[in-house]
Student: 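My structure is below; once you've seen it, I'll send some questions.
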Amino acid sequence: MRIRGFLLGLLIMISPWATAAQALPHIVILATGGTIAGSAADNTQTTGYQAGAIGVDALVKAVPAINQVAHIEAEQFSNIGSENMTSDRILALAKRVNELLNRADVDGVVITHGTDTLDETPYFLNLTVKSHKPIVFTAAMRPATAISADGSMNLLQAVTVAADPQSQNRGVMVVLNDRIGAARFITKTNTTTLDTFKAPEEGYLGSIVGGRVYFHNRIDKIHTTASVFDLRKIKALPPVVIIYGYQDDPEYMYDAAIAHHAKGIVYAGTGAGSMSVRSQAGIEKAIRAGIVVVRASRTGSGIVPPVANESGLVANSLNPAKARILLMTALTQTHDPKVIQEYFNRY
Ligand code: DAS
C-alpha cells in the first residue's frame with residue numbers, strides 16, 4: 001500500500017500538470033463585498049439589488065478558469081456595500097494585505113470591492129502597503145445574478161494581472177472592463193455604465209486582451225515601498241471632512257467642522273479650487289483653529305495650482321475623495337503644512 005502511495009506521489013510530482021500547478025503563482029483573493037457579490041431576484045435587474053450577498057468561495061467557484069492562472073487562496077474580509085467602507089475598515093484591510101504579502105508563499109493579492117468608493121480604498125493601500133508584489137482591486141457594475149454580469153470576467157482578469165510578473169512594483173491597480181487603472185488616478189465617472197472607471201487626464205496603465213496583460217504606462221508618483229507612511233505606527237486615521245464649493249455655499253459648514261473637531265478639511269472647490277468669499281472666510285477660520293485645509297476641485301480632472309496668498313494647501317490632481325485619503329494619512333505623520341504640501345505634490 002505504502003509503495004503504491006509513494007509511486008502515486010512520485011507520478012504526481014513529475015507529471016506536467018503538477019509542474020504547471022507548482023509553477024502557478026499563489027494569489028490571495030480578499031473579498032469585501034460590493035456589486036460583484038451582489039444578488040437580485042430577477043436576472044434583468046442591474047439596479048436595486050443586494051450588494052455583498054454572495055461569499056468569496058462562490059465568486060471563485062463561478063470562474064473555474066481562474067485555476068489555470070493561479071493557485072487561489074480565498075478570504076472573506078467583509079461583505080458590505082462600499083458606500084459603508086470606513087477609515088477603520090480600510091486601515092484593517094491595508095494591515096491584512098501587508099501581512100499576506102509578507103508571506104514568502106504569497107505572490108500577489110486581489111481584492112474584490114464595491115465600485116462606489118473604489119477610488120478611495122485602493123489609493124489608501126497605494127500609500128501604505130509596503131510590497132513590490134501586485135495588489136489588484138476589482139469590482140463589478142452588474143450583480144452576479146444579472147445577464148452579462150461583468151464580475152466573473154473582471155475577477156479572472158484581475159487575477160491574471162496579479163499573476164503576471166510585469167505587474168510587480170507598479171503601485172496598486174484597479175482592473176475592470178479589460179482595463180488596468182492606477183489607484184492614484186482611476187475614478188468612477190458614470191453611475192451605471194460598464195466602462196465607468198477612467199482617469200480622464202492620465203489614462204490607463206494597460207489592458208487585458210485575450211487573457212494577456214499589456215502595459216503601456218507607469219505612474220510618476222510615490223507609492224507602496226517608496227512611501228514614508230508606515231501602517232505599524234497608525235492606530236486610527238484622523239477625521240477629515242470634505243466641504244463642497246458652489247454658489248451661496250455657507251460659511252457655517254466650516255463652523256460645523258471646527259465644532260466636530262475635524263483635523264483636516266478638503267475643499268471641493270469650483271474650477272481650479274476657487275473659493276467664494278464665504279468659503280474663504282470659513283477656510284481661514286478653520287486654519288486659525290488648527291485644521292489643515294487642502295483645496296481640491298469638483299471638476300473631476302486637472303491640477304489645482306498653488307496661487308500666492310490663497311488660503312490652504314492645494315491637492316495637485318487628486319480629486320476630493322482621494323485628497324481626503326492622502327490628508328488623513330499625512331496627518332498621521334505630521335501637521336507641518338509644508339511637508340503635507342510636498343506629499344500632495346508627489347504621492
Ligand atoms: N453596491 C455599490 C458598492 O458596493 C455599488 C457597486 O459595488 O457597484 O459600491
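All ligand and atom numbering here is 1-based and tracks the order in the structure. Just so it is clear, the model here is predicted, and its values are computed rather than measured.
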Student: Give a yes/no verdict on whether any heavy atom in Ala140 is under 4.0 Å from an atom of ligand 1.
Tutor: yes
Student: Heavy-atom distances under 4.0 Å decide this one: backbone, side chain, both or neither, for Ser82 against ligand 1?
Tutor: both
Student: Check each atom of ligand 1 against the heavy atoms of Ala51 and keep those under 4.0 Å away; list them by number with element.
Tutor: 1 (N)
Student: Is the closest N or O pair between Lys188 and ligand 1 shorter than 3.5 Å?
Tutor: no
Student: Give the ring-plane orientation class for Tyr343 versus Phe229, where under 30° counts as parallel, over 60° as perpendicular and anything between as tilted.
Tutor: perpendicular
Student: Would you mind running through ligand 1 and noting each atom that sits below 4.0 Å from a heavy atom of Thr35?
Tutor: 1 (N), 2 (C), 5 (C), 6 (C), 7 (O), 8 (O)
Student: Would Phe124 end up clustered with Val97 when hydrophobic side chains under 4.5 Å apart are linked, directly or stepwise?
Tutor: yes
Student: State the atoms of ligand 1, each with its element, that fall below the 4.0 Å cut-off from a heavy-atom position in Glu83.
Tutor: 2 (C), 3 (C), 4 (O), 9 (O)
Student: Has ligand 1 got any nitrogen or oxygen that is less than 3.5 angstrom from a nitrogen or oxygen of His113?
Tutor: no
Student: With heavy-atom distances below 4.5 Å as the criterion, would you say the side chains of Arg212 and Ile208 are in contact?
Tutor: no
Student: In ligand 1, which numbered atoms sit nearer than 4.0 Å to a non-hydrogen atom of Gly81?
Tutor: 4 (O)
Student: Could you tell me whether Arg170 sits above the aromatic face of Phe215, with NZ or CZ closer than 6.0 angstrom to the six-membered ring centre and within 45 degrees of the axis?
Tutor: yes
Student: Give the numbers and elements of all ligand 1 atoms closer than 4.0 Å to a heavy atom of Gly34.
Tutor: 4 (O), 7 (O)
Student: Under a 4.0 Å N-O cut-off, is there an ion pair linking Lys188 with Asp116?
Tutor: yes
Student: Using a strict cut-off of less than 4.0 Å between a Lys/Arg side-chain nitrogen and an Asp/Glu carboxylate oxygen, indicate whether Glu310 and Arg295 qualify as a salt bridge.
Tutor: yes
